[in-house]
Amino acid sequence: MKQIAVAGQYWDEQVFDSSWISALAQAGLVGTALLAVWVVLTCWDSLRTPHLGTFTNGALLFILFRSVTENGLVDASVDFVVFFTLSVLLEKASSGSPPRAAAGHTFPGPKEYPATSPSRP
């Protein structure tokens, strides 16, 4: 572990750690490789999805930059929740077929039922 000097705190040194070092230490090479594949596929989906890409490209760039300099991409943190949400959102948005409405189909409306009055004896 690398120690870096810290100014303005009551301690002098702090451990320099990143999400990738933590993944390597906790999950080994296989776990880190799976994490890298997940990140690459999420970035690829973001680039393939132009209607969401304007937001997701910047958000992923920010989160992935922070994952190199800070811990938190694979912990129970806000960064992980945002990355996971973007990953799931982009996976659904980039999956093959467009919605039926975009393909020229219309969604069915409510069924028409004849108006009946309650029967009275």
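- Residue pairs meeting the salt bridge (charged side-chain N to carboxylate O under 4.0 Å, His left out) criterion with at least one partner in residues 51-66, sequence neighbours excluded, are Arg66-Glu70, Arg66-Asp79.
- For residues 42-64, the set of pairs meeting the ring-ring contact (aromatic ring centres under 6.0 Å, His included) definition, not counting sequence neighbours, is empty.
- Side-chain contacts under 4.5 Å among hydrophobic residues (ILVMFWY), followed directly or transitively, place Val30 together with Leu34.
- Residues Leu89 and Leu61 do not share a hydrophobic cluster, defined by chaining ILVMFWY side chains whose heavy atoms lie under 4.5 Å apart.
- Cluster membership check: Val78 shares its hydrophobic cluster with Ile63, using side-chain heavy-atom separations under 4.5 Å among Ile, Leu, Val, Met, Phe, Trp and Tyr.
- Side-chain atoms of Ser67 and Ser19 include no donor-acceptor pair closer than 3.5 Å.
- Closest approach of Thr85 and Val81 over heavy atoms only: OG1-O, 2.7 Å.
- For the side chain to side chain donor-acceptor pair (under 3.5 Å) test, residues two or more places apart in sequence or in another chain that qualify with Ser87 are Trp38, Thr42.
- Side-chain contact check for Leu64 versus Val68: every heavy-atom pair is 4.5 Å or farther apart.
- Residue pairs meeting the salt bridge (charged side-chain N to carboxylate O under 4.0 Å, His left out) criterion with at least one partner in residues 26-37, sequence neighbours excluded, do not occur; the list is empty.
- For Leu60 against Ser46, the heavy-atom pair with the smallest separation is CD1-CB, 3.6 Å.
- Through side-chain heavy atoms spaced under 4.5 Å, either directly or across other Ile, Leu, Val, Met, Phe, Trp or Tyr residues, Leu47 is tied to no other residue.
- Apart from Val37 itself, the hydrophobic cluster it occupies contains Leu41, where clustering links Ile, Leu, Val, Met, Phe, Trp and Tyr at side-chain heavy-atom distances under 4.5 Å.
- Both Val88 and Phe83 belong to a common hydrophobic cluster when Ile, Leu, Val, Met, Phe, Trp and Tyr are linked at side-chain heavy-atom distances under 4.5 angstrom.
- Between Thr49 and Thr56, the closest side-chain pair of non-hydrogen atoms is not below 4.5 Å.
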